[in-house]
Amino acid sequence: MGENSDDRVGAEMRDVVGRAVEVMREQLGHQLTVDDLARSAMFSRFHFSRIFQRVTGVSPGRFLSALRLHEAKRLLLATSDSVTDISYQVGYHSVGTFSARFHSSVGLSPSAYRQAGGFTTMVSTEPRARRRPGSALVHGRLRSTEADETGVIFVGLFPEPVPQGQPVCGTIMAEPDHFLLTDVPSGTWYLVASSVRTAYAAGTEPEPFVAVTGPVTVHPCAVLSVDLPLRRRRAVDPPLVLGRLTVPAPTPCYGAAS
DNA sequence: CGAAGGCGATCTGAACCCTC
DNA sequence: GAGGGTTCAGATCGCCTTCG
C-alpha cells in the first residue's frame, strides 16, 4: 500500500502535535504559552497554531485549558488537597481564575464538585417534557470494533469540538448501537460520543473511547443521519470536561418514543 | 508560511462571602 | 477573626481573518 505525500504530512503533523500535547501534560503546573510550544516544535506560533487546530480541532490554548480542568477534576476526587493547592498544581496562578473556569466548564464550583463526588445535575440526558418549536432530530449508528469494552457511552451535541459545559442535547447508551437525539435546536454543532465511567477510579483514564464529528448544521425540523465510528482515545484528542453524568439506567436508544 | 489588526477569551488580583 | 472559596472589573493574551 503506497503512502502518498498528504499521508506523510498528516503523520508528521500528528507527531508534532502529539509532542506538544506531551509537553502540555508534563508541564501542566507551569506557565506554558503558545510561543513556548511553538518554539519546542520549531515552528512559528502562527504555523503551529494552524497545525494544532487542524489535528485536534481546537486551538492550543483551549486544549491546554481542557487538560488542566480534566486533571483538576481527577485531583479533586482522588486527593484531599485544597482547591487553592489544586489550582496551582494544574497551572493556574490565581484560584479565582481556576474557580471561574471550572464553574463555567463543569457547571459546579470545585468544592461543590468534590462534595457531590464528581456528579453534577447540569448534564441532564432526560428528554424535555415539552419539545422546542422547530426542533430537529439527529440519529445514526455508533460503530465500534471493540463493543465489548466500551462500557456506557454518552452521545451529545456541543457548540465546540471540546465537549465541555452543557450539551444542547444528549443521550446515554449501554453499548454502541443506533442512537436518536430528539428536540435538537437548529444551529451548528459537534456530535461527540465518549465512553464514561459511573465509578470514577483515581489514576485511570475514565474515557478510553471517543468519536467526534462536525461541524454539523441542523436546520429547523430537519432529520439528520450521522454515523459515528467509535475509536480508542488518542493523546491528541481533547479531554471530556463534563461533570460525571447523572443518568438513569442506560437504554440502547432512549428518547425514541415521540 | 509569516505578519498585522481587531476582538473575544482568559488571567490576575482584590473584594466579598461563608464556615468554623 | 482566620482561612478557604467565589465573584467581578480591568488588563493581557491568544485566536481569527485577511493579506503579502
Side-chain angles (χ1 to χ4, degrees), chain A residues 5-6 8-17 19-21 23-25 27-122 158-168 187-190 212 214-215 217 236-239 241-243:
Chain A
S5 63
D6 279 354
R8 279 198 303 277
V9 170
E12 283 170 21
M13 283 184 180
R14 278 195 296 277
D15 281 350
V16 166
V17 172
R19 280 196 294 275
V21 170
V23 171
M24 286 182 185
R25 290 184 197 277
Q27 301 189 31
L28 214 52
H30 298 83
Q31 287 289 290
L32 268 181
T33 65
V34 176
D35 270 342
D36 295 335
L37 293 166
R39 265 197 299 274
S40 70
M42 311 278 277
F43 285 115
S44 72
R45 65 190 174 97
F46 310 106
H47 188 43
F48 175 75
S49 278
R50 277 194 278 251
I51 289 177
F52 195 96
Q53 184 129 20
R54 207 177 300 167
V55 171
T56 67
V58 297
S59 64
R62 287 284 181 84
F63 196 103
L64 180 58
S65 179
L67 278 181
R68 284 168 162 180
L69 294 174
H70 190 257
E71 175 64 3
K73 277 168 58 186
R74 189 189 70 77
L75 290 172
L76 282 165
L77 298 179
T79 73
S80 57
D81 294 352
S82 70
V83 171
T84 304
D85 285 345
I86 289 173
S87 74
Y88 280 93
Q89 285 177 51
V90 299
Y92 286 97
H93 282 199
S94 163
V95 68
T97 303
F98 170 65
S99 181
R101 291 285 299 118
F102 193 95
H103 192 281
S104 71
S105 294
V106 178
L108 293 172
S109 66
S111 59
Y113 178 84
R114 173 179 269 164
Q115 273 174 12
F119 286 94
T120 167
T121 55
M122 186 176 176
F158 294 84
E160 296 177 47
V162 176
Q164 61 177 12
Q166 178 139 37
V168 294
T188 300
W189 315 112
Y190 289 84
V212 181
T217 301
V236 297
D237 287 322
V241 197
L242 300 170

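Letters A, B, ... mirror the listed sequences (proteins, then strands); counts begin at 1.
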> Any idea which of C:dT6, B:dA9, B:dC1 is nearest the A:Pro110 side chain?
Replying inline: C:dT6
> Between C:dT7, C:dC15, C:dG5, which nucleotide gets closest to the side-chain atoms of A:Ala100?
Replying inline: C:dT7
> A:Ser82 side chain: which of C:dC16, C:dG5, C:dC15 is closest?
Replying inline: C:dG5
> Could you state the CZ-P distance from A:Phe98 to C:dG4, rounded to the nearest angstrom?
Replying inline: 15 Å
> Does A:Ser94 make a side-chain N or O approach to OP1 or OP2 of B:dC11 shorter than 4.0 Å?
Replying inline: no
>> Check this one for me: any side-chain N or O of A:Arg101 less than 4.0 Å away from OP1 or OP2 of B:dC11?
In response: yes
> Quick one: does A:Ser104's side chain have a donor or acceptor within less than 3.5 Å of a partner on A:Arg101's backbone?
Replying inline: yes
> Between A:Pro60 and A:Val34, which heavy-atom pair has the shortest distance, and what is it?
Replying inline: CB-CG2, 4.2 Å
> What nucleotide, of B:dT10, C:dT6, B:dA3, holds the atom closest to the side chain of A:Arg62?
Replying inline: B:dT10
> Considering only C:dT6, C:dC16, B:dC11, which nucleotide approaches the side chain of A:Tyr92 most closely?
Replying inline: B:dC11
> Looking across every strand, which nucleic acid part, if any, lies under 4.0 Å from A:Val34 by heavy atom: base, sugar-phosphate, or nothing?
Replying inline: sugar-phosphate
>> Using a 4.0 Å heavy-atom cut-off, does A:Ser109 contact any base of the nucleic acid, only the sugar-phosphate backbone, or nothing at all?
In response: sugar-phosphate
> Would you say B:dA3 has OP1 or OP2 under 4.0 Å from some side-chain N or O of A:Arg50?
Replying inline: no
> Atom CG of A:Leu69 to atom P of B:dT10: distance rounded to whole Å?
Replying inline: 10 Å
> Hey, is the main chain of A:Thr84 close enough, under 3.5 Å, to the side chain of A:Ser87 for a donor-acceptor pair?
Replying inline: yes
>> Measure CZ/A:Phe102 against C1'/C:dT7 and give the value in whole Å, please.
In response: 17 Å
> Should A:Ser65 be listed as having a side-chain N or O under 4.0 Å from OP1 or OP2 of B:dT10?
Replying inline: no
> Which is true for A:Arg68 with a 4.0 Å heavy-atom rule: it touches a base, it touches only sugar-phosphate, or it touches nothing?
Replying inline: sugar-phosphate
>> Taking the side chain as everything from C-beta on, heavy atoms only, tell me whether A:Arg68 gets closer than 4.5 Å to A:Leu64.
In response: yes
> Between A:His47 (NE2) and B:dA3 (P), how many Å, whole number?
Replying inline: 13 Å
>> Nearest whole Å is fine: how far is C:dC15 P from A:Leu64 CG?
In response: 10 Å
> Which value, rounded to the nearest 0.5 Å, describes the distance between A:Thr79 atom OG1 and A:Asp85 atom CG?
Replying inline: 8.5 Å
> Taking OP1 and OP2 of C:dT6, is either one under 4.0 Å from a side-chain nitrogen or oxygen of A:Ser111?
Replying inline: yes
>> Can you tell me how the ring of A:Tyr92 sits relative to the ring of A:Phe98, calling it parallel under 30°, perpendicular over 60° and tilted otherwise?
In response: tilted
>> Between C1' on B:dC11 and NE2 on A:His103, what's the gap in Å once rounded to a whole number?
In response: 18 Å
> Which part of the nucleic acid, if any, lies within contact of A:Gly96, taking any heavy atom under 4.0 Å across all strands shown: a base, the sugar-phosphate backbone alone, or nothing?
Replying inline: base
>> Rounded to whole Å, how long is the line connecting atom NE2 of A:His93 with atom P of C:dC13?
In response: 14 Å
> Rounded to whole angstroms, how far apart are CZ on A:Phe46 and P on C:dC13?
Replying inline: 15 Å
